[in-house]
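Input: a single structure, listed below in structure tokens.
Both backbone and side-chain heavy atoms feed into the values below; hydrogens, waters and symmetry mates do not. We name chains A, B, ... by the order of the sequence lines, and we start the count at 1 in each one.
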Protein chains: 2
Amino acid sequence: MSELQNILNHAEHRCRVHGSRLTEKRKKVLSGLLQSDRALSAYELVDYCNENYDENFAAMSVYRILEFLEQEQLVHKLKLSNRFVACVHIACEHPHQIPQFVVCTDCRKVKEFSISRSTMNSIKRQVEESSFHLVSEQIEFNCLCDSCAV
Amino acid sequence: MSELQNILNHAEHRCRVHGSRLTEKRKKVLSGLLQSDRALSAYELVDYCNENYDENFAAMSVYRILEFLEQEQLVHKLKLSNRFVACVHIACEHPHQIPQFVVCTDCRKVKEFSISRSTMNSIKRQVEESSFHLVSEQIEFNCLCDSCAV
DNA sequence: AAATGTTATGTTACACAATATCATATTGTC
DNA sequence: GACAATATGATATTGTGTAACATAACATTT
């Protein structure tokens with residue numbers, strides 16, 4: 001079984017457990033993201049689906065599907081660039097963490113990673129000192145990847 | 001002299017030093033931001049200017065003006081929300097730092113602050129460990145302000 | 001199987017964000 | 001004043017995202 005198939009199976013199982021359905025269209029959108037190492041915009045996914053499958057994907061549908069996949073934590077939305085990436089932990093068993101991302105502003109390559117708990121706590125403390133309260137620990141860093149940095 | 005006037009004078013002086021000009025329109029857009037404690041979108045600024053000044057501000061112009069003000073570091077663009085805020089350091093003498101922001105996702109209030117050097121270094125190190133290189137230290141945190149947190 | 005409620009998708013229209021392009025006006029320098 | 005450089009006007013176009021309503025697919029009960 002291919003790695004992609006394996007991940008899709010995990011995803012499907014997770015949805016079933018939650019009482020939701022990973023339909024064919026949703027599966028195809030998710031596949032598109034899984035096969036890309038870069039973050040894709042909704043409209044890029046529309047194009048991807050229309051090119052690779054003999055079906056019509058309306059932009060509206062893709063937006064809805066992405067919203068669904070996000071709720072199921074199968075996909076994350078990068079808020080700095082309004083693009084989407086598949087979660088790297090779909091086939092893992094361990095509980096899901098709050099995602100942090102490094103994003104190459106040049107080639108758009110994305111890596112999901114985690115800032116250490118202690119650094120995160122320092123950040124949190126300094127934010128609180130400004131009389132604000134952190135709502136989400138998702139942080140996105142504008143970076144260059146190794147290849148683009150040369 | 002009003003505090004606003006004082007800041008505008010500093011801004012004008014800074015432009016002159018850079019060989020650029022803080023025109024009347026630019027001054028008005030900047031004033032709009034200086035008088036708001038919330039981040040404003042380009043189109044909100046268009047409305048603000050058209051309501052408060054007896055002149056016509058086209059969206060196109062406001063975008064160009066914002067771009068200019070950003071270059072002069074008089075204004076920062078919040079990339080998470082595509083909104084703009086006046087820099088808090090216009091009238092300061094000390095060299096300008098890379099801005100970090102806490103943004104209330106509810107009322108859009110914004111505060112410019114600075115993460116400590118040591119925390120920033122930790123972040124930087126952890127990013128490098130993922131084979132990426134930080135391009136910008138500007139970070140925006142999704143927060144709730146004290147008033148909205150209740 | 002028929003009826004019903006729920007979820008998923010189709011379709012169209014629209015609002016908002018941002019940029020491209022070319023024309024015109026204003027300013028600074030010689 | 002003539003010229004170059006900069007700033008603004010005006011219009012069109014592209015991209016992103018959502019609202020609203022219609023239809024289709026599925027699940028459950030009877």
- Message: Looking at B:Arg108 and B:Glu44, is any side-chain nitrogen of the basic one under 4.0 Å from a carboxylate oxygen of the acidic one?
- Response: no

- Kindly say whether, by distance alone, the side chain of B:Arg64 makes a donor-acceptor pair under 3.5 Å with the base of D:dG9? yes

- Indicate whether OP1 or OP2 belonging to C:dG10 is found under 4.0 Å from a side-chain N or O atom of A:Asn56. no

- Item | For atom CG of B:Leu45 and atom P of C:dA18, their distance in whole Å | 12 Å

- Query: Within less than 4.0 Å of OP1 or OP2 of D:dT8, is there a side-chain N or O belonging to B:Ser61?
  - Reply: no

- Item | Heavy-atom side-chain contact between B:Ile123 and A:Phe141 under 4.5 Å | yes

- Task: Provide, to the nearest angstrom, the distance between the CD1 atom belonging to B:Ile65 and the P atom belonging to C:dA18.
- Result: 16 Å

- Message: D:dT8, OP1 or OP2 - any side-chain N/O from B:Thr23 closer than 4.0 Å?
- Response: yes

- Item | Residue mapping more 5' on DNA chain C - nearest nucleotide basis, B:Tyr63 or B:Arg21 | B:Tyr63

- State which of C:dA18, D:dT16, C:dT9 makes the closest approach to the side chain of A:Arg26. C:dT9

- For atom CZ of A:Arg16 and atom P of D:dC26, their distance in whole Å: 15 Å

- Query: Once you round it to whole Å, what is the distance between P of D:dT14 and CD of A:Glu44?
  - Reply: 18 Å

- Query: Over how many whole Å does the gap from A:Glu24 atom CD to C:dT9 atom P extend?
  - Reply: 10 Å

- Task: Mind calculating the distance between CD (A:Gln71) and P (C:dT7) to the nearest angstrom?
- Result: 12 Å

- Item | Whole-Å gap separating P (C:dA17) and NZ (B:Lys77) | 11 Å

- Message: Both conditions, 6.0 Å and 45 degrees, for the charged tip of A:Lys25 above the ring of A:Phe57: are they met here?
- Response: yes

- Item | Nearest-angstrom distance from the residue atom CZ of A:Phe57 to P of C:dA8 | 15 Å

- Query: Is A:Glu55 salt-bridged to A:Lys28, going by a charged N under 4.0 Å from an acidic O?
  - Reply: yes

- Which of these nucleotides, C:dA8, C:dA20, D:dA19, is closest to any side-chain atom of A:Met60? D:dA19

- Query: Between the side chains of B:Thr119 and B:Ser122, is a donor N or O closer than 3.5 angstrom to an acceptor N or O?
  - Reply: no

